[in-house]
Amino acid sequence: MDQFQTLSLLSLSMIQNGIFTVGTFFILWVAFRMANQVRGDQGTLVAKVLTTAFGLFVVMLGLQVFANRNYSLATAAKALATLKAGGQSLGVQAEAYLAGPYGVAPTDLQYSLFSNTSSVAWWALVTVIFLGVVWLPVKK
């Protein structure tokens, strides 16, 4: 595979990831609407548990979408670094990509839901807010 194919696959991966991110945020909006409905109607315990389960599945999906993005970026950096190490000259865009934050690719790529601290912090905050909406008592 050459640098053009690598960058093209990365571009396709980012488009796909963007579509999944939009879908994930839409489902997150639905989860918060459900949480507000359960909170406003003084929902039953079953409704609260089911809403919480749905919200936690949405958070898990979000972690997976963000992890896929990070893995795609790291994989492209590893592929470009391998091409460069093999003696192939890289273009301006590939060199610029390697000079960026993902340019130092790990030697062994591993898929991890917790590979990016800012992503994990974001989804942890969403989880805390969501659980607060569902389970904290309503002040009158």
Side-chain angles (χ1 to χ4, degrees):
M1 186 174 343
D2 64 358
Q3 67 178 333
F4 177 76
Q5 291 171 327
T6 301
L7 292 175
S8 293
L9 287 174
L10 176 63
S11 178
L12 289 173
S13 174
M14 291 298 102
I15 291 169
Q16 176 189 11
N17 192 270
I19 292 169
F20 278 116
T21 300
V22 168
T24 301
F25 284 141
F26 173 73
I27 294 173
L28 182 63
W29 174 78
V30 170
F32 271 104
R33 294 281 295 162
M34 288 172 59
N36 282 332
Q37 191 67 31
V38 167
R39 183 180 177 90
D41 292 344
Q42 297 297 320
T44 64
L45 182 62
V46 173
K48 287 183 177 186
V49 168
L50 291 175
T51 301
T52 300
F54 181 75
L56 292 177
F57 280 122
V58 171
V59 167
M60 185 68 169
L61 174 67
L63 280 170
Q64 288 175 342
V65 168
F66 283 31
N68 286 339
R69 182 202 63 214
N70 293 333
Y71 189 71
S72 294
L73 292 169
T75 302
K78 173 105 172 144
L80 290 173
T82 302
L83 287 173
K84 188 174 183 177
Q88 192 175 29
S89 64
L90 299 180
V92 176
Q93 289 142 337
E95 288 290 348
Y97 185 75
L98 286 176
Y102 286 95
V104 182
T107 55
D108 57 336
L109 291 173
Q110 293 181 0
Y111 181 85
S112 172
L113 293 179
F114 309 110
S115 61
N116 187 335
T117 21
S118 60
S119 298
V120 172
W122 161 259
W123 286 108
L125 180 64
V126 167
T127 303
V128 168
I129 293 170
F130 182 79
L131 293 175
V133 170
V134 173
W135 290 100
L136 288 179
V138 179
K139 292 184 180 180
K140 300 235 177 189

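All residue numbers refer to positions in the sequence shown, counting from 1. Computed from a predicted model, the values in this text were never measured in an experiment.
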Main-chain N/O of [Y] paired with [X] side-chain donor or acceptor, under 3.5 Å:
{"X": "S11", "Y": "L7", "value": "no"}
{"X": "Q5", "Y": "D2", "value": "yes"}
{"X": "R39", "Y": "L136", "value": "yes"}

Residues, nucleotides or ligands: over 12 heavy atoms within 6.0 Å of F25 CZ: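 Atom CZ in F25 is crowded, with more than 12 foreign heavy atoms closer than 6.0 Å.
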Step through the shown structure and confirm whether more than 12 heavy atoms of other residues, nucleotides or ligands are within 6.0 Å of CD on Q93.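 Check fails, neighbour count at 12 or below.
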Side chains of [X] and [Y]: does their closest heavy-atom pair fall under 4.5 Å?
{"X": "T51", "Y": "F130", "answer": "yes"}
{"X": "F66", "Y": "N116", "answer": "no"}
{"X": "L73", "Y": "Y97", "answer": "yes"}
{"X": "I129", "Y": "F32", "answer": "yes"}
{"X": "L113", "Y": "M60", "answer": "yes"}

Evaluation steps, side-chain contact (heavy atoms from CB on, under 4.5 Å), between F54 and L50: CA-CA 6 Å; F54 181 75; L50 291 175; over 6 Å; no
Please list, chain by chain and in numerical order, all residues satisfying side-chain contact (heavy atoms from CB on, under 4.5 Å) with T24, sequence neighbours excluded.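 side-chain contact (heavy atoms from CB on, under 4.5 Å) check on T24 returns L61, V65, W123.
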Scan side-chain atoms only and decide if N70 and Y111 contain a donor-acceptor pair under the 3.5 Å cut-off.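 Short answer, no.
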To the nearest 0.5 Å, tell me how far Q3 CD sits from L10 CG.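 So the gap between those two atoms works out to 13.0 Å.
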